[in-house]
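Report on the following structure.
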Amino acid sequence: MGLHPLEFSECYLDSPVFREKIKAHEAELDKTNRFIKELYKDGKNLINATKQLALAQRKFAQSLGEFQFEYIGDAKTDDERCIDESLQEFSNFLKNLEDQRELMMRNITETLMKPLEKFRKEQLGSAKAERKKYEKETEKYYSTLEKLLNMSAKKKEPQLQEADSQVETIRQHFQEESLDYVCKLQEIQERKKFDCVEPMLAFFQTVFTFYHQGFELANDFNHYKKALQINIQNTRSRFEGTRVEVFELMKRIREVPQEYRQTSPISSEGYLYVQEKRPPPFGSSWVKRYCTFVKEQKILHMVTFDHRSGGKMGETESVTLKSCVRKTTDMLDRRFCLDIEITDRPGTVLTVQSLSEDDHKFWIHAMGGKEPAGQYLGKTYSKERGIDAQLDDVGLSFVKNAINAIETRGINDQGLYRVVGVSSKVQKLLSLMIDEKSNDVDLSTCEDWDVKTITSTLKLYLRSLPEPLMTYGLYKDFIAPAKGGSPESRSQAIHCLVHKLPEMNCLVLGLLMKHLATVAAHSKLNLMTVANLGVVFGPTLMRPQEDTVAAIMDLKFQNIVVEILVEQHEKIFGDVPGASSPGLSAPTRQSKKLSVRQNRPLAVYNPKTVDLQTVLPTSPDVGSNSDEASLGSNESVSSQSTASGTPPEKANHAPLLASLSTGDSPGACIAVAASWLNSGALTKASSDGDKTVDGVTGGGGKRAMAVYPCEAEHESELSFQVGAIFSAVAPSREPGWLEGELEGKKGLIPENYVEML
């Protein structure tokens with residue numbers, strides 16, 4: 001489990017647990033700051049002390065190998081795992097360089113030192129400043145609050161109102177600062193994944209460009225740097241989409257914070273000042289405690305917590321409630337008080353003071369007191385739809401009609417499903433199509449409605465359903481396999497879950513996935529790869545009932561589920577899962593490493609030299625809706641680095657570009673990237689995975705089975721699909737390759753694309 005997400009609703013509760021979460025985030029940022037400082041110092045040593053190059057490199061490698069990123073949530077995507085492992089990869093890489101002593105460090109200031117120092121000063125420095133402001137506002141608010149609560153209730157009403165107004169203003173300012181600080185913490189935690197790793201990639205490229213190591217150097221590391229850059233781009237793209245959703249949630253909470261206060265239907269939480277009576281002549285004192293009232297058992301848990309003492313938490317005391325009565329000011333010279341009779345000590349009455357009039361009513365209602373209810377008991381926010389969309393025969397007819405029109409009229413339109421239609425037209429078309437009296441319009445021949453209006457209407461219909469197409473009940477089950485396991489176990493688990501959906505849901509989902517597969521098949525023209533379609537339809541087809549930061553962090557896994565459904569729609573919707581299907585309980589196997597490192601220098605990526613935006617299809621600017629947020633221009637990698645694990649890259653045994661050996665790295669790297677994207681490395685997995693050993697031709701010797709698809713790039717290589725069986729398999733003289741026979745043809749096989757039988 002990584003760092004806990006910081007919920008904006010907790011800013012209003014300001015609970016001890018919330019403060020502990022903030023401390024954990026602050027400690028992680030401090031650790032990152034120390035790490036960057038250390039890395040900066042090590043880099044200077046490399047520049048200024050060539051004679052001690054070996055020592056400096058080993059220290060630098062050690063720093064990289066020992067550091068690990070912490071992630072928000074309970075699981076990481078395959079992209080995040082690759083980024084997490086990248087530091088260890090870099091560490092091993094530097095150790096290989098040290099063994100050969102063939103490398104000298106030059107010109108790393110611009111590519112490594114400045115970006116890291118800029119990140120540390122601008123990002124981590126701003127977080128430090130926000131932290132000081134937050135601590136200052138905390139002290140100011142709680143000091144003012146205590147002064148207010150200690151005021152005599154006998155003071156004149158104008159004085160009381162003025163004091164209340166002053167505290168309310170300070171409280172709002174404190175909560176605003178709390179929201180901003182929480183948002184800043186989580187933003188930097190996400191940003192550091194790529195802002196720290198990318199300069200390191202740039203550093204390696206600078207080193208190898210200086211030495212003109214040539215195509216042999218590029219071959220060894222070229223596949224990894226491209227895969228990692230795609231990992232970084234995917235992570236950055238998901239960060240942008242998640243950031244939009246987080247800001248929207250913060251905006252909604254800021255507008256109606258009271259609706260988000262209650263985080264649990266079975267308990268109520270908040271601060272109360274508890275009167276502690278002392279023997280004469282000492283009187284009594286009021287102690288602030290964070291209280292949790294469990295409604296069913298009527299148990300009140302109280303823990304002492306003082307924000308001004310560094311967040312020191314005391315012991316927890318629990319009492320069982322018998323009754324709750326509002327205490328009037330003529331009985332006690334303090335406002336907002338309650339008398340709680342407890343069953344643990346018969347005859348004992350516990351007097352507590354709430355923080356405000358609204359808080360007073362909240363606790364009376366929560367504890368079943370005699371004060372009128374009428375208070376909020378939980379989050380009641382819901383999206384206003386205004387359209388009564390239902391998953392019925394009329395809706396099914398519209399889905400078929402829309403799909404037919406899109407495939408007939410606009411399957412090659414660039415940015416299909418990304419480019420949005422005019423909102424008023426979309427609303428009008430949906431109202432027309434779900435009306436039984438007027439839904440007989442054939443959209444494939446009707447020119448009144450353009451393609452972007454039809455695609456937007458289809459998405460709006462799916463979002464307007466009372467329940468997501470993949471249902472609230474199965475949401476966590478669908479997300480679970482996307483968070484781990486092998487490609488096979490993910491596919492099998494999702495296959496089983498699809499057939500647990502209601503009949504109409506499964507039917508509509510199957511039609512939609514078949515359609516999206518058709519759209520993806522035309523991605524060279526419409527630019528809508530499987531990955532892009534996953535971004536668009538992930539939040540549309542599945543979402544949790546709760547509206548929290550933790551739920552938003554799962555957006556990336558929703559995309560993975562949709563990618564699996566699109567890529568394997570024929571198997572998932574065409575076959576009923578058998579009794580032997582592992583489903584959710586399938587054991588997981590370890591994913592293969594991207595490559596086996598060779599003991600020689602490797603070439604790496606420099607973002608100033610190679611920009612994948614120039615070699616990957618770009619998507620047009622298509623609006624600001626969250627499900628249309630652009631992922632950048634990366635190719636579909638759902639079967640490579642997201643949904644189905646990461647197929648390893650083949651070791652290239654043919655010369656790439658002689659220009660690398662002469663220092664012409666920008667053009668070389670762009671050409672290499674374009675060649676890689678066109679090589680079939682991103683080819684979608686075929687369903688041709690049910691071949692048996694009996695169907696294998698060829699000679700004897702060892703046998704192997706393909707676990708990833710491969711398209712030959714040279715005459716000496718073999719092309720194959722998942723499940724292909726090779727015979728006469730033997731080691732090759734080419735590092736990272738095997739020799740084998742498939743269907744009577746002999747050739748080279750990437751070693752990490754197969755498993756020996």
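Basis for what follows: all heavy atoms, side chains included, without hydrogens, waters or symmetry-related copies.
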Taking it one step at a time, do I454 and L429 satisfy side chain to side chain contact (heavy atoms under 4.5 Å, CB included)?
-> CA-CA 8 Å; I454 298 174; L429 178 57; 4.2 Å; yes
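- A salt bridge is absent between R243 and E190: the closest approach of a Lys/Arg side-chain nitrogen to an acidic carboxylate oxygen does not fall below 4.0 angstrom.
- Ionic pairing of K425 and D450 is not present here: no N-O contact between side-chain nitrogen and carboxylate oxygen is shorter than 4.0 angstrom.
- The main-chain N or O of S456 is never found under 3.5 Å from a side-chain atom of Y417 such that the two would form a donor-acceptor pair.
- Without hydrogens or angle criteria, T457 side chain to L430 main chain gives no donor-acceptor distance under 3.5 Å.
- Using a distance-only test at 3.5 Å, with no hydrogens or angles considered, a donor-acceptor pair links the side chain of T540 to the main chain of V536.
- Considering CD of Q414 and CG of L527, their distance stands at 4.5 Å, rounded to 0.5 Å.
- One N or O on the side chain of E467 and one on the backbone of Y472 form a donor-acceptor pair closer than 3.5 Å.
- By the neighbour-count criterion of 12 heavy atoms within 6.0 Å, atom NZ of K514 is sparsely surrounded, having that number or fewer from other residues, nucleotides or ligands.
- A salt bridge does not link D448 to K428: none of the charged side-chain nitrogens sits closer than 4.0 Å to a carboxylate oxygen.
- Between T518 and H569 there is no side-chain heavy-atom pair separated by less than 4.5 Å.
- With hydrogens and angles disregarded, no donor-acceptor distance shorter than 3.5 Å links the side chain of S491 to the backbone of P487.
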Could you walk me through whether M528 and H522 pass side chain to side chain contact (heavy atoms under 4.5 Å, CB included), step by step?
-> CA-CA 8 Å; M528 293 306 293; H522 293 76; over 6 Å; no
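- Put simply, the side chain of R409 gets close to the backbone of C446: a donor and an acceptor are under 3.5 Å apart.
- Under the 3.5 Å distance criterion, the side-chain polar atoms of N401 are matched with a main-chain donor or acceptor of L443.
- With hydrogens and angles disregarded, a donor-acceptor distance shorter than 3.5 Å links the side chain of N505 to the backbone of L469.
- Here the CG atom belonging to L228 is positioned 9.0 Å from the CD atom belonging to E198, to the nearest 0.5 angstrom.
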